[in-house]
Amino acid sequence: MSSSVSDFIRNRIRDDIENEVVDGTIITRFPPEPNGYLHIGHAKSICLNFGVAEEFGGKTYLRFDDTNPLKESEEFVESIQQDVRWLGFDWEDRLTFASDYFDQLYSFAEQLIEKGRAFVCDLSAEEIRATRGTLTEPGSNSPFRDRTVKENLDLFRRMRAGEFDEGSRVLRARIDMRSPNIHLRDPVLYRIVHAEHHRTGDKWCIYPMYDFTHCICDALEGITHSLCTLEFEDNRPLYDWVLDNVSINFHPPQIEFSRLGLEFNVMSKRILTSLINAGHVEGWDDPRLPTISGLRRRGVPAEAIRDFCSRVGVTKQANLIETNLLDFCVRSTLEDTSPRAMAVVDPLPVTVINFEGEDVTLEAPNHPKNSELGKRELTFGRNLFIERSDFRESASKKQRKLTLNGLARLRYGFIVECVEVVKDGQGSPIELKVRYVPESRSGQDTSGLKPRSTLHWVSATNSISAKFRLFENLFNVREPGSGDPRDELNPTSRIEKDGLVERVVVDDDWERCQFERNGYFIKDLDSTPMKPVFNRIVPLSSGVH
RNA sequence: UGGGGUGUAGCCAAGCGGUAAGGCAGUGGGUUUUGAUCCCACCAUGCGCAGGUUCGAGUCCUGCCACCCCAGCCA
């Protein structure tokens, strides 16, 4: 029941329990609008809401805030549920929609009218804007502000009945056009939208606004702590006003925290959508995107995202988290559990000139520490491949390269000495001729040689060709989103390589694994039986600087 | 220039009047057949700035400065 995590929200809840300001269990909610896919910023909110409830023995609702039929769809409702579930959270039977409450919401609106706290306004959107005032000047009252209750009720019912055109009338709260808080200047509560709603169809042609809906839904569901992001701070007085002026005997406190910022990434649905539409990325699940579906396809485990969210913490401070923290979380959840294999992303052919006859079968553990992950066989023969970048004709002792006339250990195999470099017309190596040291076999090495580098490799007989996708930041500016995306995008955010992978990885359909020295990879859904495709989830951390 | 917020290390973040936790990053070292992992050590005389109160201030008071959010019939 007590938690190791501590932040101002959990402290507040702990106090509320102690001081008995809440009775019964803690109830939270995650309330997305189904107008896009979830991203890692939502994950922060999901981990907070579900996490808090879990820690205090409470419950969490998944509530879709579906009050704007123009932007919402079933596709998003489904993907959001999938993402929340994948992240490891369970709302059980507490799946709700703001649209479930449309009837109740409507009668609360009539209540407001009856109390003289709301009125039907015939001003156009432009006129409302013009009379709202500015940040420094007060607004002015609508000429329709003092209509009688009877007239307001009649008009509002006719709005609902579909007698009026979109934009011709709205229901407004009657608060204070001179309030320094612009949200309190007679905010719109209902607007006319003649559109099909993904759940309620054509039952309604008037739809409640967020400020009217959210607080009432919270109250009806008995949400004990309504957690939202900082930009809603100015909405809080309106949240409270609505609940104070409607007959509901429950009033959740709204508590705001700062949204997640991740450097070199954008969370804005608008920008994400435009990146997809402009073809800069391939869809909501592009592995370069910070969307949950993108991270999942990238290979990031849900556990790593949860760990990340907990390490980031919850405060009111604006933040821009470094990507290295996410990378760290990914590596540390993968380190102990991922089997190892070898893949050569950019192959350089190697001929073992003193090797004759049948291939030698070697054995390699699938994990250097965790023997439960088993072992596999490698075959060593005359034709091998190493990473092109692992060879240099000459290199300093610091650089762990195979050099001409130098030695290197082929991991779990033999020590080889490079005796000749075959080059193309441009002078770049196209083949290495090496001699292996027969008595240097891994595990029974009697050669006495101590080469300073160990290289990963594959043999022609036990590898198959594969595509590797290596990712970098999608953007090359820390805080993108302000300029033209084309100037901010990283042109090398996705690099594709044709290489080779140990065939056991494909044959046995390994899920995620570490290709030694290259990073953690996962098989992508673009794979075909002939050509597997691997996404690099994250490279290994590099000790060289 | 109105209102609402936020300022503690490169990035996060504890701290609740008693002498600056922790994580990531970084640096140095050890182990290592992955430049991985793991282990050890180092990393703020300093808490936006300036005053004040106090035996004692990141914590209280006053003034200033910087940054973020708000003028949708979006959420």
Tell whether [X] reaches the base of [N] with its side chain through a donor-acceptor pair below 3.5 angstrom.
X	N	value
A:Ser442	B:rU33	yes
A:Arg331	B:rU37	no
A:Lys316	B:rU6	no
A:Arg517	B:rU34	no
A:Glu322	B:rG10	yes

Check your understanding: Just checking, any donor-acceptor pair under 3.5 angstrom between side chains of A:Gln254 and A:Glu256?
Key ->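 Yes, a side-chain donor-acceptor pair sits under 3.5 Å.
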
Check your understanding: Is it true that the side chains of A:Glu322 and A:Asn324 contain a donor and an acceptor less than 3.5 Å apart?
Key ->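 Their side chains do contain a donor-acceptor pair, which is all the 3.5 Å distance test asks for.
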
Does the side chain of [X] get closer than 4.0 angstrom to OP1 or OP2 of [N] through an N or O atom?
X	N	result
A:Gln317	B:rG7	yes
A:Thr67	B:rA75	yes
A:Thr213	B:rA75	no
A:Arg400	B:rA36	no
A:Arg129	B:rG72	yes

Which nucleotide, if any, forms a Watson-Crick or G-U wobble pair with [N], using both distances under 3.5 Å?
N	result
B:rC42	B:rG26
B:rA66	B:rU6
B:rG58	none

Point to revise | Inter-residue atom distance A:Thr28.OG1 - A:Ile46.CD1, 0.5 Å rounding | key: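 So the gap between those two atoms works out to 11.5 Å.
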
Point to revise | A:Glu127 side, atom CD; A:Ser142 side, atom OG - distance, nearest 0.5 Å | key: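 Between A:Glu127 CD and A:Ser142 OG, I get 9.0 Å after rounding to 0.5 Å.
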
In whole Å, I'd like the distance from the [atom1] atom of [X] to the [atom2] atom of [N].
X	N	atom1	atom2	result
A:Asn319	B:rG23	CG	P	20 Å
A:Arg236	B:rG5	CZ	P	7 Å
A:His456	B:rU33	NE2	P	19 Å
A:Asp176	B:rG3	CG	C1'	13 Å
A:Asn518	B:rA36	CG	P	14 Å
A:Leu230	B:rC67	CG	P	18 Å
A:Leu373	B:rU37	CG	P	18 Å
A:Leu260	B:rC11	CG	P	16 Å

Practice item. Syn or anti for B:rG72, please, going by whether the chi angle lies within 90° of 0. Key: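 Base orientation relative to the sugar is syn.
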
What contact category does [X] fall into here, base, sugar-phosphate, or nothing, at under 4.0 angstrom with non-hydrogen atoms?
X	result
A:Arg132	sugar-phosphate
A:Asp234	base
A:Gly443	base
A:Pro368	base
A:Arg340	base
A:Met342	nothing
A:Gly167	base
A:Leu135	base
A:Asn235	base
A:His183	sugar-phosphate
A:Ile321	sugar-phosphate
A:Ser541	sugar-phosphate
A:Gln514	base

**Study point:** Ion pair A:Asp16/A:Arg12, N-O distance below 4.0 Å
**Key:**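 Yes, charged N to carboxylate O under 4.0 Å.
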
Exercise for review: Taking only Lys NZ, Arg NE, NH1 and NH2, and the carboxylate oxygens of Asp or Glu, determine whether A:Arg199 and A:Asp100 approach each other closer than 4.0 Å.
Suggested key: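 Judged by the 4.0 Å cut-off on N to carboxylate O distance, A:Arg199 and A:Asp100 do form a salt bridge.
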
Point to revise | Residues A:Tyr210, A:Asn235; criterion side-chain hydrogen bond (donor to acceptor under 3.5 Å, both in side chains); working and verdict | key: CA-CA 10 Å; A:Tyr210 164 84; A:Asn235 299 57; 5.7 Å; no

Point to revise | Among B:rU33, B:rC16, B:rC73, the one nearest A:Ile128 by side-chain distance | key: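 Ranking B:rU33, B:rC16, B:rC73 by closest atom to the A:Ile128 side chain puts B:rC73 first.
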
Exercise for review: Please tell me which of the listed nucleotides, B:rG23, B:rA75, B:rC12, lies nearest to the side chain of A:Arg311?
Suggested key: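 Selected nucleotide (nearest to the side chain): B:rG23.
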
Please measure how far the [atom1] atom in [N] lies from the corresponding atom in [M], and state the result in whole Å.
N	M	atom1	value
B:rU53	B:rG2	C1'	33 Å
B:rG4	B:rG56	C1'	35 Å
B:rU6	B:rA13	P	13 Å

Check your understanding: Any idea which heavy atoms bring A:Val345 and A:Glu387 closest together, and the distance?
Key ->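 Heavy-atom minimum between the residues: N-OE2, 3.0 Å.
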
